[in-house]
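Working notes, beginning with the structure itself.
Sequence lines set the chain letters: A, B, ... in the order given, protein chains first and strands last, and positions in each chain run from 1.
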Amino acid sequence: MSKCCSGNNTAKVDSALAVSHPPVQNCCSKENINGQAEAETTCSASRSQPVATVPPVKAVYQTAAEPSIDPTAYVLAAKDGLSSLNLIIDSIHCPSCIRLIEGNLKKLPGIKSARVNLSTKRLFVLWDEALTPAKAIIHKLDELDFPPTPFNPALLTSASEKEDKALLRAMGVAGFAAANVMLLSVAVWSGTDEMGPATRDLMHWVSALIALPTVAYSGQPFFRSAFAALKARSLNMDVPISLAVLLAVGMSVSETLQSAKHAYFDASVMLLFFLLIGRYLDRRMRSRAQSAAQNLLSLRAIAATVINEDGSRTSLPVEAIETGMKVAIAVGEKVPVDGRITSGKSELDTSLVTGESLPQIAETGDVVFAGTLNLAAPIEVKVTARDDQTLLSEIVRLMETAEQGRAKYVQLADRAAQIYAPAVHLLSALTFAGWWILGDGGWHPALMNAVAVLIITCPCALGLAVPTVQVVASGLLLKRGILVKAADGLERLADADAVVFDKTGTLTEGKPALINQASITENDLQLAASLALHSKHPLSKAVLKAFTGKPIPLTDIHEEAGQGLEGYLNNQRIRIGNRHWCGLDQSTDENETVSELWLSSSDNKLVRFTFTDRLRDDAVEAVALSARYLGSAELLSGDRKAAVTLAAKELGLKNWRAEANPKDKIIRLEELARENKKVLMIGDGLNDAPALATAFVSASPATASDISQTAADFVFQGNRLKPMIEAIAIARKAKALIFQNFGLAILYNTIAVPLAMAGYVTPLIAALAMSGSSIIVTLNALRLRLSEKES
Amino acid sequence: MSALVFLIPVALGLGLLGLVAFLWSLRSGQFDDLDGAAYRAVFDDDIVDPAEERSREVSKAPGKK
């Protein structure tokens, strides 16, 4: 377990449970766990912590009966009157999570099956709804600290999963054929002299019987792609592959008909087998990143609570929400749609949308955007049409233009194919012409040797050169919590030579942290924390995070939205909240870079708590490292000037710009592109999404907005920024290895091709050469892992 | 050479058996979660209670001395 939990900030705490979680923003804020189990009792009352001492309070909306999410909209009817539910659980990380989730769910009555998929972080539950309501399942998972998100499998199970399986099936069939044909071929090769022609023919016929259907079935992925390329009047790697396989089989059949000595059945099926391995590895790497991306996207598709005209409430999937509907948004919920507030006053965390780090006040009549977080009080929102005035549509429009404008990057493998395919065909044609004109055997030996050239030029090594390295590299990155989303992401990352950072949520943690703890007495902090325990406001969470002791039980706690909290200790009133709430005058400094919270306790003493959006622990290091790797680094933020200046100074960044809107960011990136800079853009907010799409290569943290994660080529998890910068080194090493592999393939061809052209290649030599070069290329790719272990 | 009459079918039959087994396992979803399957093999039993597991880990600790 240590392996799986390493690099995780809660690893120490949870080690007894052998479960690790990423920091997620939900009600059971994991950052509170550090030694203060009591803090958890707010949401998981059934744990055997001193819960009885805390009286029920108004502000705590999540009680034992109320799960974090209403899954009813996603429950599907299954066979035998059972129901099924598909859930995404992002905090599934290690094998112990499987046991905890499956074991505990199976204890509930009526659960027929609960199956966790560790690769995709999804859970499938099949159960009898008459015995256990769906909410109880969600509640159980909340309790176990695995907050789930329901999803609709019909929307998520993509065609790519089917293609994965088809590829694997083709690979299995080719593997079976390769082994059996080889068995027969070895017999023919080793029995050259003793074996009679009748037996040899029998062997060849049996081989043909296996090889023909195999080629017809397993060769399809290549034939289809080659056909598509030819139709588009271009050449890809699959054209010479298809040609080699088809010609080898065709020629072997005609040779067998004439009861000739050599047949190339083994070469054709082995070629297919090796290439399918490469194709499958490539595919698996991509679909893994894809399923992770799908999980991220579906997080937006949480059910929304719609208020009907008669005042009743129903839970609907977000897809079903229409303009004009009224939606209720509870405290701590993400705003599911764009709309206008019709009732209620609250504070919204808009950091994902605007990059603004402090919460914004929102009242009736204000416009709210999908993706913002409701912090203080329940609000009701009327869904507005997505007219061109909304921020979201502006961002979507910018992104579309950015994606169209992005110069198409030609992948290394395709570039290689553009040189390789014509060269192979030319050599093969030359061989045919040479033997026909110069030789005395006519067209037959000429064709034999031309086909031998096609087979021996070994697209195997070339076909494996790129995917093997990429699989190893993305495996290494995955261990560091980095998902490679774009197929050509690694190649582009290796070429990057400049970096642009966003501030809020990228260089900073994106949530406030207490900064004046030194000037606050332990007693005051304890009081504040005991009260803050009952609120989900980010400032309350920040107080809790700073506090490591035991909270004191208070009575009559209540929260006033947008103001603060109140509670009693021995009949003495204690308040935390804004200035006004604690009896100070309203005036606050406009240029303030910190948020504040006041504590007023019995003796009329006022204590000020100040908070700021702190830089990530390794931000300074990461910026320094990126400057070393990439030369230039700059900061583009949508936040206020005062906050950005401060951050830039701390990070030692000379180039920075504040109050940049999405368009400004794109303009700056285009400027850099004109200077021939290949920019790596790292950002998280919705306001960064167009910039992420514009940049040469882009990355965003897993806490970023959905659209940003979709736009980014890389997604990194956890609290650290440095692994993402270190990924550049891995990408560069991977690129070097890919070139080495190409070099090896070329070296091999310079030896083998003349032999084939001269007519010295027998099926035995072809088989040896093919497997030999494939193995060498694969081993070379694995060196990436070795060199990582040493460092 | 008459041995070939059944040796070849036997060899092919065994190969086919392997192929059928592979296709069956693919169809029944055994390739859906390769990462999870790697770990499921080493689960000793269904320990489901976090508290129970914690106490197990604690009781294991002195044994290491």
- request: Check B:Tyr39 against A:Leu118 and note the closest heavy-atom contact, atom names and distance.
  value: CD1-CD2, 3.6 Å
- prompt: What part of A:Ile101 lies closer than 4.5 angstrom to a heavy atom of chain B: side chain, backbone, both or neither?
  reply: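 Neither; nothing under 4.5 Å.
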- prompt: Should A:Leu168 and B:Phe22 count as side-chain neighbours, where that means a heavy-atom distance under 4.5 Å?
  reply: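 A side-chain contact exists here, since the closest heavy-atom pair is under 4.5 Å.
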field: Region of B:Leu16 in contact with chain A, defined by heavy-atom distances below 4.5 Å
entry: both
Chain A contact via B:Leu12 - side chain, backbone, both or neither, heavy atoms under 4.5 Å: both
task: Name, in order of residue number, those residues of residues 203-217 of chain A that have a heavy atom at a distance of less than 4.5 Å from a heavy atom in chain B; otherwise write 'none'.
output: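 So the qualifying residues are A:Met203, A:Val206, A:Ile210.
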message: Please report the interatomic distance CZ(A:Arg169) to CZ(B:Arg27), rounded to the nearest 0.5 Å.
response: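 Reported value, rounded in 0.5 Å steps: 6.5 Å.
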- prompt: Quick one: CZ on B:Arg40 to CZ on A:Arg99, what's the gap to the nearest 0.5 Å?
  reply: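 Taking CZ in B:Arg40 and CZ in A:Arg99, the distance rounds to 11.5 Å.
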Hey, can you pull the donor-acceptor pairs under 3.5 Å for the side chains in residues 171-184 of chain A, sequence neighbours left out?
residue, atom, partner, partner atom, Å
A:Asn180, ND2, A:Phe176, O, 2.9

